[in-house]
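These notes are about the structure you will find just below.
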Amino acid sequence: MNFTRWSPRLPGTQRRAAARRTDHGTSPAQRGEGSVPAARGEYEQQPEPLPDVPALEGFSVREILGRLPALVAVVYGPEHRVAYVNDAYAAAFGHRTPGTHAADSCPELGELGLFPLMDQVLRSGKPRTVKSRKVLGSGSYTVTCLPAESPKEGGGVLVFAADVTDHAEAAERLRASERRHRETAVTLQRSLLPQELEQPDDLRIAATYQPGGTDAAVGGDWYDVITLGAGRTALVIGDVMGRGVRAAAVMGQLRTAVRAYARLDLPPHEVLQLLDGLASEIDASQIATCVYAVHDPNEGRLVYASAGHLPILVRDEDGTIRRAEEPTGPPLGTGGWLHTSGTIALPPGSSAVLYTDGLVERRGEDIDEGVAALERALSGATGAPQVVCDRLIRSLGVTAEHDDDVAVLVVQHPTRTGPTAELFHNAALDLLGGTEAAPRARAFASGVLASWRFSPELHDLGVLAASELVANSLQHGTPPMRLGLRRTDRRLIIEVTDGDDHLPRRRRAETEDEAGRGISIVATIASSWGSRRTPGGGKAVWCEFALPQ
């Protein structure tokens, strides 16, 4: 085959050759080379005339293509018959016999997916390129297919392949390193989240965490459920505004701190106040949002505080959606802000949803639109908490390739009827003080525990605990005083409140001491005990007894 004949027909060759012929056929005066402006002076040296430049036809195209380090093959006709392969191509894949079908003699072109591409080039007359395609047992190539006129009918295609194996391997090593880094961050993130959620007596709870897709770095979303004692439960959800291992590590420190502060049984806004200072100490460059809420079964509401986080949503039994609005402070770590607590009703039959921005935030959309979409999905979401979690994730279009982490915490306060309701009871007695308060409290506790059909042993322990707590309140507290008893399907709770905010502590009483043993007795006979300050001033001291299952 005469490649010298083909060369001027390759794209751009005819225009360059014509340009050279035009230049050589034009005199310097016609090209403007002999005219010198008078302002330059008459003695300025004239440029030397350029020597004759040979035309492209004077070079051997076969020799040029043969010496190229890139792989070159030429095929012709709609059947893509082989016309030529250069030395580099033959060294990589072997010699190819001219005239054979490329589909039979050049399987590597099929592995590169070039046959449909060559058909497009023949039809359109425009070049096409594919990047970093791999050939089994060989390397990776970036291939360009160029249209070329052929002396035979149907035209031809010049295939030009550059070996990019080194670049492809380097890119694969980088991707593998990124995958390992991401897997490390995901493993760290999941290990720092609760492995099993605590399940309070009065609530049903489920949570879901889904990391972002492979193109998204792992974030710092977290959630937690903390039982505070006396039937009260703390619910937490937060988001560290960062990516990667560092965000996950900061998240773990904040979650640990929340659990520690929760044991102090502080109001939600005080917990966030402590977290705010800690967040800036951990890493001043990391900012986090958080909601801390406390559920008290005796009050049927959530008391919450928010540090720049999205609002809690509550679904009533009839499907009505309510949004916890104010108060909301700035994110943790900003400092200089006094957080405050708010309340939202959570009656029996209702559900609450706490979530991170990955569930509702979308590129190009206002986040309020995402929250509104979540409200619509929640209004029709029924079933067990885990079912609601999964349904909300699907309804909001969160897939495995989502571009952000997502954490969802669903809390249900079930309505109990029939035999189940018989396992939950409350009883309370206001104490007026005086010498008759202690025997009256013992009689009340004895009657209530007897009506709840507890065993004689648990009955006697409950009466003793109530007596000691009331005696401690009468001695160290101030009115108003109140004795409360509550039973659930798992525990008996005894609580005494009074108007003094001094919290009792357990201490060792000496042999000659006549007092100071009440709290020690309660701590010894009960499963757990604790105390907290109440919002209106005063304190509550409580203890719990685990019921036999």
Side-chain angles (χ1 to χ4, degrees), residues 200-203 227-234 263 265 294-300 421-433 436-507 515-536 538-549:
D201 299 352
D202 297 272
L203 301 174
T227 53
L228 301 177
R232 301 165 70 251
T233 307
R263 297 306 175 193
D265 215 338
V294 175
H295 174 259
D296 190 330
N298 296 317
E299 298 177 355
E422 291 300 316
L423 299 177
F424 291 81
H425 291 285
N426 286 284
L429 173 67
D430 291 324
L431 301 173
L432 302 178
E436 76 283 355
R440 185 164 177 255
R442 284 193 295 271
F444 174 79
S446 178
V448 169
L449 297 180
S451 69
W452 289 348
R453 302 187 186 91
F454 286 139
S455 65
E457 180 183 3
L458 182 57
H459 173 277
D460 293 343
L461 290 176
V463 172
L464 176 59
S467 177
E468 293 297 336
L469 291 181
V470 168
N472 184 78
S473 180
L474 290 172
Q475 183 174 358
H476 302 288
T478 59
M481 301 177 186
R482 183 180 177 89
L483 168 64
L485 291 91
R486 174 175 170 77
R487 72 155 293 171
T488 70
D489 58 344
R490 294 183 233 173
R491 72 198 78 223
L492 166 66
I493 302 167
I494 301 172
E495 185 176 67
V496 175
T497 60
D498 63 55
D500 185 82
D501 61 1
H502 178 74
L503 299 180
R505 60 185 178 87
R506 185 179 181 182
R507 64 185 180 89
R517 295 180 176 84
I519 295 298
S520 295
I521 293 173
V522 171
T524 301
I525 65 175
S527 304
S528 61
W529 78 281
S531 61
R532 71 178 187 280
R533 290 187 174 88
T534 52
K539 66 177 179 295
V541 185
W542 54 268
C543 67
E544 294 181 349
F545 293 88
L547 301 183
Q549 298 298 313

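- Here the side chains of L458 and L449 are not in contact, with every heavy-atom distance at 4.5 Å or above.
- Using modelled atom types, one finds no donor on one side chain facing an acceptor on the other under 3.5 Å when comparing T497 with R482.
- When all heavy atoms of L474 and A438 are compared, the pair lying nearest together is CD1-N, 4.0 Å.
- Here I493 contributes atom CD1 and C543 contributes atom SG; the two are 9.5 Å apart, rounded to the nearest 0.5 Å.
- Look at R232 and D265 and you find a salt bridge, because one of the NZ, NE, NH1 or NH2 atoms lies within 4.0 Å of a carboxylate O, short of that distance.
- Counting only residues at least two apart or on different chains, the salt bridge (charged side-chain N to carboxylate O under 4.0 Å, His left out) pairs with a member in residues 538-549 are R491-E544, D498-K539, D500-K539.
- Taking CD of E436 as the start and CG of L431 as the end, the distance is 9.5 Å to the nearest 0.5 Å.
- At a threshold of 4.5 Å between non-hydrogen side-chain atoms, the residues V541 and S473 do not count as touching.
- The two residues L547 and T488 have their closest heavy-atom pair at CD1-O, 3.5 Å.
- Residues G231 and D202 approach most closely at O-OD2, 4.3 Å, considering heavy atoms.
- Considering CG of L464 and NE2 of H459, their distance stands at 12.0 Å, rounded to 0.5 Å.
- Of the inter-residue distances, the one linking I521 atom CD1 with S467 atom OG reads 9.0 Å to the nearest 0.5 angstrom.
- A427 and W452 make their closest contact through CB-CZ2, 4.2 Å (heavy atoms, listed as atom of the first residue, atom of the second, distance).
- Between L483 and L485 there is a side-chain heavy-atom pair separated by less than 4.5 Å.
- Considering only heavy atoms from C-beta on, R505 stays 4.5 Å or farther from I519 through its side chain.
- Between R532 and W542, some side-chain heavy-atom pair lies under the 4.5 Å cut-off.
- Not a single donor-acceptor pair under 3.5 Å links the side chain of S446 to the backbone N or O of R442.
- Annotation: side chain of P479 is not in contact with side chain of L432 (no heavy-atom distance under 4.5 Å).
- L429 and A441 make their closest contact through CD2-CA, 4.1 Å (heavy atoms, listed as atom of the first residue, atom of the second, distance).
- Scanning both residues, S527 and A546, for their nearest heavy atoms gives OG-N, 3.0 Å.
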- For the pair I494 and F545, evaluate side chain to side chain contact (heavy atoms under 4.5 Å, CB included) and give the outcome as yes or no after the intermediate values. CA-CA 9 Å; I494 301 172; F545 293 88; 4.1 Å; yes
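- Within 6.0 Å of the NE2 atom in H425, the count of heavy atoms belonging to other residues, nucleotides or ligands exceeds 12.
- Here the side chain of T227 pairs no donor or acceptor atom with the backbone of G229 at under 3.5 angstrom.
- Within the 4.5 Å cutoff, the side chain of T233 has no heavy atoms near those of the V294 side chain.
- Residues R487 and L423 have side chains in contact (heavy-atom distance under 4.5 Å, counting atoms from C-beta outward).
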